[in-house]
Structures are given as structure tokens and as C-alpha cells.
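Take a look at the structure set out below.
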Protein chains: 2
Amino acid sequence: MTLRVVIADDEDLIRAGLRIIVEAEPDLTVVGEAADGAEVVPMVRQQRPDVVLMDVRMPSVDGIQATRLLTALAEPPKVIVVTTFDNDDYVYDALRAGASGFLLKRTRPADLVQAIRVVSAGDSLLFPSAVRALAVSRAGARPHPGIARLTAREADVLRLMARGLSNAEIAGELVVGGETIKSHVGNVLAKLNARDRTQAVIAAYESGFHSPADHR
Amino acid sequence: MTLRVVIADDEDLIRAGLRIIVEAEPDLTVVGEAADGAEVVPMVRQQRPDVVLMDVRMPSVDGIQATRLLTALAEPPKVIVVTTFDNDDYVYDALRAGASGFLLKRTRPADLVQAIRVVSAGDSLLFPSAVRALAVSRAGARPHPGIARLTAREADVLRLMARGLSNAEIAGELVVGGETIKSHVGNVLAKLNARDRTQAVIAAYESGFHSPADHR
DNA sequence: AACACCCTCCCCCACACGGGGGATTTCCCG
DNA sequence: CGGGAAATCCCCCGTGTGGGGGAGGGTGTT
């Protein structure tokens, strides 16, 4: 059984390149091309492909919105969002829109076809820097070195700071005196090299530190 | 060259199962097991494995925190976080903690060893519902309603607040008087329903507001 | 013209915050 | 046992911050 693929990209060159890669595989076939997000929906409705390769940046209706529309269909195809830049903010949006995969245009052909097979099998995947970008949120932010040097208590305090609590509130939450919190906060600021609590909270967010363990 | 693996899981049965799967591969070898997040760090420090299979739920120090500690090491191993449930909230936290991969315990052995090879090669990967959980969990952080009501200037100010600048610094950056900034900040706080600048910055981060387009 | 809104700047004031010290107990580790 | 780190609490003090007002100039809408 061959996998039916639709390619959506506004650049003819890219479409051609993708088509060649896909058609080179015996079990894959391109059943349609769209140059715009507006074209892709009726095309999918008609062709019922297994997988759609979707460019992010397209005129009128962009790839994200198009993905949203496609996944809202009765029998939605799997959508793999393809983009040029690895520090792309669209990763997150793409996934929320219902995309099954996200990868870069510079991905090797072998990986691309691999991705098509994987998502069509029901799995999802992301590639390298996509995951990193997502995990790290949006900024180019690796964990702040100082965070590892926080003591348990200091980490508690930072966590609560990152939830917007005042010193007094934190004191209440941790059932200790207000002066104690001031101490801890001071230490946290020093270790994180932050001037004030706002900078500390920013560091916490940039490091993906904020409250790993509270759901309510 | 064989890949060195450390297994961290509090359940003996799971550890045994994982070990069997891993050891079955000629190019993989288990160089250590840990029953707790607290054990895994010194073990990794000593064994210097290429990959760590990390359970999420463990006594004292959980898998996320342990991952955080491991990726903070000088030569961090790749960490693959393993969990039981697919609707797990930990996906996102795991990735932010620096994990290279995330997969389910019910993953087929072949996929597991495949994952080990992939991450050790420098790639990242996620499996099935992990991605979905990721997208959803991230969706929990929808934009604060108030943010849309900010004026252009107020948005500028919030952006700079979210970079840790003081009012005086913001004033310098925007080339206006300090009193002006106080005004804007006050308006921002009101619109975001924030008590202080820290809460405003948190709202900004939660909304994915922070400067999509500035790196330096 | 009148109005609304935004941006700009100003004054007064209370207080939470952060920096500078120091003191105590507990507990772990060598 | 002694040293050290962590956690707790205390005092003093300067100031950045935020709340309460108000006022002027600009722009666009009605």
C-alpha cells in the first residue's frame, strides 16, 4: 500500500525538490501540490492523502492555520510542518495546531521520508533543534549555571518567587519567618547573579525552572 | 564502539526488563543502575555513560530533577526520560530539564534501542502521544487576556520589564523620563491584573510574550 | 468642535525589597 | 570531635517600586 502525500509550499523550487525526494521512494507518491494554505484544504478534501508536508510561511493562509483546518476535518491527514529555520517559534504553534511532526528543510532526504513513514504509522516526531527550541521555550536559553548551586530551600523559594508570591507570602507558604525568606532570596539573587527578584524569576523561566511539581 | 547506558528506575522489575533489552544489543551495555534520582548523579559522574534511561517517578529526587542535575554536569550524558503514562505532564518538564528524548515504557524494545542510538548520535526524539501531551501542556499557558489590551508603548515597557530592566533603565532605553515609565508600568500592572512587576513578567512569560525577535 | 485615547511628565507617600551586618541550631562529613 | 554548610531568625537602612492623584500635547474619531 502506497502512502499518498500532498505538498504545500509557496516556492516552486521547494515543492519540486520535495516531490523528487518523495517520488524517489517506491512506496510514496505525491497526489497533489498547493502553493498556498487556501489551496491545500480543498485539495486534501479531494485527494485524501495520508500525509501533508506543510510549509509554515505561505501567502494568505499560512501553514499553521492550514494545519488547524486540516486537522479539523473528519478524516484528517497527518501533517508534517516543514520550516527553514531551526530557531523557529512556529514549532509550538504547529504542534498545537495538530501537526504530527515538525522538521527542517535542511533535513536529509532519508530522514524526510523516514518521517513520512513514521507519522503515517501513527507516531509523532520532531527533529533535533526543533525539540531543543521547544524545550527551551523561545529564547536561546540554557539553564542558568547558578541554578544548580541552589540549596533545596533556596530552590523552594525561587519556585514560589516564580509564581509571583511576595516574601511575606512565601514565608506563609513555607511556614517560616519573613526574615528567613529575605535571607534565602538574598542568596538566590547572589547565586543567580540577579539584581532583583524579577531578574531571578526571569532566570528561572529561561532555565525552565518554574514549578515542575504543581498541578491544581 | 559500544554505547554505555545507565538505568534509573525505582522498580527492580522495570530495571531488569530494561537491562535485558539493552544488553541484548551487542553494541549497548549497561554500566550502572540506580533506584533513585539521588543515586544516579554520583553514578553518572563515575561511570560517564553515553545515555541514561530515566524514570520520572522516583523517591526523594525525581527523574526530572535528576535530569536537571545531569545536564548541568560538565560532560552531560544524553537523557531519555521514560514514563508509564502517555498523558503525562512531565514531557514538557523533562525536555526543559534537558532531556534528549521522552518515551513510554510500553514502547517496543526495538524502538527503545533505536531511541538510544538516535539520541547518542546527537539527535532528539519523542514518541507518540508524548508530542501530543507536549502540545497540550504548552497549550495550558494561553495568553493573558489583558496583554491584548496593552497599548504599543505599554507593550514596549513590558517587553523590557521581562528582560529584567529597572524603571530607570527602561526610561533610558526608550529615551523618555522616568516618571513616564512609572505611568506605563502602572497601566501594565492594572491591565494584567498584576500586583507587582514580577507578576507582570510572569504573565508575559506564560503568554509567550517575551521578545520573539531579539537576540544579542 | 468635542471627545477619547495615548504618551508624556509631575508630586506625594507608604512599604516591600534588597544590601549590610550578625546569631543560632541542626546536621552531615571528614 | 571539629569544621562547614544549611536553615532559621534578627536589626538597620536606603531606595526602588507602586498607588494616588493631576496636567499638558498629540492624534484620530465621531
Side-chain angles (χ1 to χ4, degrees), chain A residues 144-205, chain B residues 36-39 41-43 45-46 59-61 65 68-69 72 144-205:
Chain A
H144 188 112
I147 269 191
R149 303 201 337 264
L150 295 180
T151 68
R153 211 51 169 165
E154 286 161 1
D156 288 339
V157 171
L158 177 56
R159 210 185 315 283
L160 294 174
M161 281 199 280
R163 282 173 59 184
L165 304 200
S166 69
N167 285 349
E169 288 166 340
I170 295 174
E173 194 80 22
L174 298 182
V175 203
V176 294
E179 292 300 322
T180 304
I181 302 304
K182 286 190 59 175
S183 252
H184 291 316
V185 169
N187 292 333
V188 169
L189 296 185
K191 288 185 181 175
L192 295 190
N193 212 19
R195 184 183 49 197
D196 49 45
R197 78 209 287 74
T198 303
Q199 289 188 352
V201 168
I202 290 172
Y205 266 83
Chain B
D36 178 22
E39 292 179 24
V41 179
M43 170 160 297
R45 222 189 278 271
Q46 183 192 346
S60 76
V61 178
Q65 178 59 19
R68 217 169 268 131
L69 296 175
H144 187 112
I147 270 191
R149 301 199 344 261
L150 295 180
T151 67
R153 211 50 169 168
E154 287 160 0
D156 288 339
V157 171
L158 177 56
R159 210 183 316 281
L160 294 174
M161 281 198 280
R163 282 173 57 184
L165 304 199
S166 69
N167 286 348
E169 289 167 339
I170 295 175
E173 194 79 23
L174 297 182
V175 204
V176 294
E179 291 302 322
T180 305
I181 301 304
K182 286 191 60 174
S183 256
H184 290 316
V185 169
N187 292 334
V188 169
L189 295 186
K191 288 185 180 175
L192 296 189
N193 212 19
R195 185 184 48 197
D196 50 45
R197 66 176 40 236
T198 303
Q199 290 188 351
V201 169
I202 290 172
Y205 265 84

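Below, all heavy atoms of this structure are taken into account, side chains as well, without hydrogens, waters or symmetry copies. Labels below follow one simple rule: chain letters A, B, ... track the order of the sequence lines, proteins then strands, and each chain is numbered from 1.
In this structure, the CZ atom of A:Arg197 is 13 Å from the C1' atom of D:dG16, given to the nearest Å. Atom CG in A:Leu174 sits about 8 Å away from atom P in D:dT8, given to the nearest Å. Rounded to an integer number of Å, the gap from A:Glu179 CD to D:dA6 C1' is 18 Å. Protein atom CD of A:Glu169 is 11 Å distant from nucleotide atom P of C:dA16, rounded to whole Å. Separating the CG atom of A:Leu189 from the P atom of D:dG16 is a distance of 16 Å, rounded to the nearest angstrom. The nearest whole Å value for the distance from the CG atom in A:Asn193 to the P atom in C:dG19 is 11 Å. Atom-to-atom, NZ of B:Lys191 to C1' of C:dC7 comes out at 12 Å; the value is rounded to the nearest Å. Distance CG (A:Asn187) to P (D:dA7): 9 Å, rounded to an integer number of Å.
Residue whose closest nucleotide on DNA chain C sits further toward the 5' end, between B:Arg195 and B:Arg153: B:Arg153. For the pair B:Gly177 and B:Lys182, nearest-nucleotide mapping onto DNA chain C gives the more 5' position to B:Gly177.
Contact between the side-chain N/O atoms of B:Asn167 and the OP1/OP2 oxygens of D:dT17 is found at a separation under 4.0 Å.
Nearest to the side chain of A:Ser183, among D:dC10, C:dC7, D:dG18, sits D:dC10. Nearest nucleotide to the B:Val176 side chain, out of C:dG19, C:dC9, D:dA7: C:dC9.
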Between B:Met161 and B:Ile170, is the side-chain contact (heavy atoms from CB on, under 4.5 Å) condition met? List the steps. CA-CA 8 Å; B:Met161 281 198 280; B:Ile170 295 175; 3.8 Å; yes

List the protein contact pattern of nucleotides 25-30 of chain D with one symbol per nucleotide (5' to 3'): B for base contact, S for sugar-phosphate-only contact, - for none; contact means a heavy-atom distance under 4.0 Å. ------

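Taking the charged nitrogens against the carboxylate oxygens, B:Glu169 and A:Arg195 do have a contact shorter than 4.0 Å, which makes a salt bridge.
Nucleic acid contact for B:Thr180: base, since at least one base atom lies under 4.0 Å from a heavy atom of the residue.
One axis for each end of the helix from C:dT8-D:dA23 to C:dG30-D:dC1, each built from five base pairs, and the angle between them comes to 50° at 10° resolution.
A donor atom on one side chain and an acceptor atom on the other are found under 3.5 Å apart for B:Arg197 and B:Asn167.
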